[in-house]
Asks: 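I have a structure here, written as structure tokens, and I will follow up with some questions on it.
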Amino acid sequence: MSPRPTGTRARTKVRTRNALWVPHLGEEDTGKRRPGAPGTAVITKTKPQTKRPSLYRVLLLNDDYTPMEFVVHVLERFFNKDPETAHRIMMHVHQHGIGECGIYTYEVAETKVTQVMDFSRKHQHPLQCVMEKK
Ligand code: TYC
């Protein structure tokens, strides 16, 4: 067996919290047997250890040059906003300098940022899109 790289460990975790104490078959159950006593069997349930992924906000930054209609289009196209919501978010960014377009897992957020930056550059607008950990 090859040694595990340092800093890693097996992911299997046995939950002993809901262990059931079961008397051996054929033995009389007096109700007085204690966990760990001879003649006592343990059944453990295993539960997959799930972890919720970290979430990231995708933000648009205001500038003086990108047309409002372009920003609305970006919000509809890449963030699936309806026209009214897109216009509201655009105006929020225009008035406050920054605004949230959506919240995603890392790779989805990164893809949105890249899509918006590439699209803006292609149309020669200085629109900036960034992500931040929530
Ligand atoms: N401030 C821009 C204008 O007046 C509009 C704008 C809104 C630009 C939102 C960027 O993220 C932005 N044309």
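Heavy atoms only: backbone and side chains are in, while hydrogens, waters and symmetry mates are out. Residue numbers run from 1 in the order of the sequence given. Whatever order the structure lists them in is the order used to number ligands and atoms, beginning at 1. From a predicted model like this one, the values you see are computed outputs, not experimental measurements.
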Asks: Could you work out, with side chain to side chain contact (heavy atoms under 4.5 Å, CB included) as the rule, every residue matching T50, not counting sequence neighbours?
Replies: none

Asks: Are the aromatic ring centres of Y106 and Y56 under 6.0 angstrom apart?
Replies: yes

Asks: Listed by chain and number, what are the side-chain hydrogen bond (donor to acceptor under 3.5 Å, both in side chains) partners of T111, not counting sequence neighbours?
Replies: none

Asks: Is the distance from the ring center of H125 to that of Y65 below 6.0 Å?
Replies: no

Asks: Residues in side-chain hydrogen bond (donor to acceptor under 3.5 Å, both in side chains) with T66, at least two apart?
Replies: D63

Asks: Do the two ring centres, one from F119 and one from H73, sit under 6.0 Å apart?
Replies: yes

Asks: Could you pull out the N/O contacts under 3.5 angstrom between ligand 1 and the surrounding protein atoms?
Replies:
from	atom 1	to	atom 2	distance (Å)
ligand 1	1 (N)	N62	OD1	2.8
ligand 1	1 (N)	D63	O	2.7
ligand 1	1 (N)	H94	ND1	2.9
ligand 1	4 (O)	H94	ND1	3.4
ligand 1	11 (O)	L61	O	2.8
ligand 1	13 (N)	T66	O	2.9

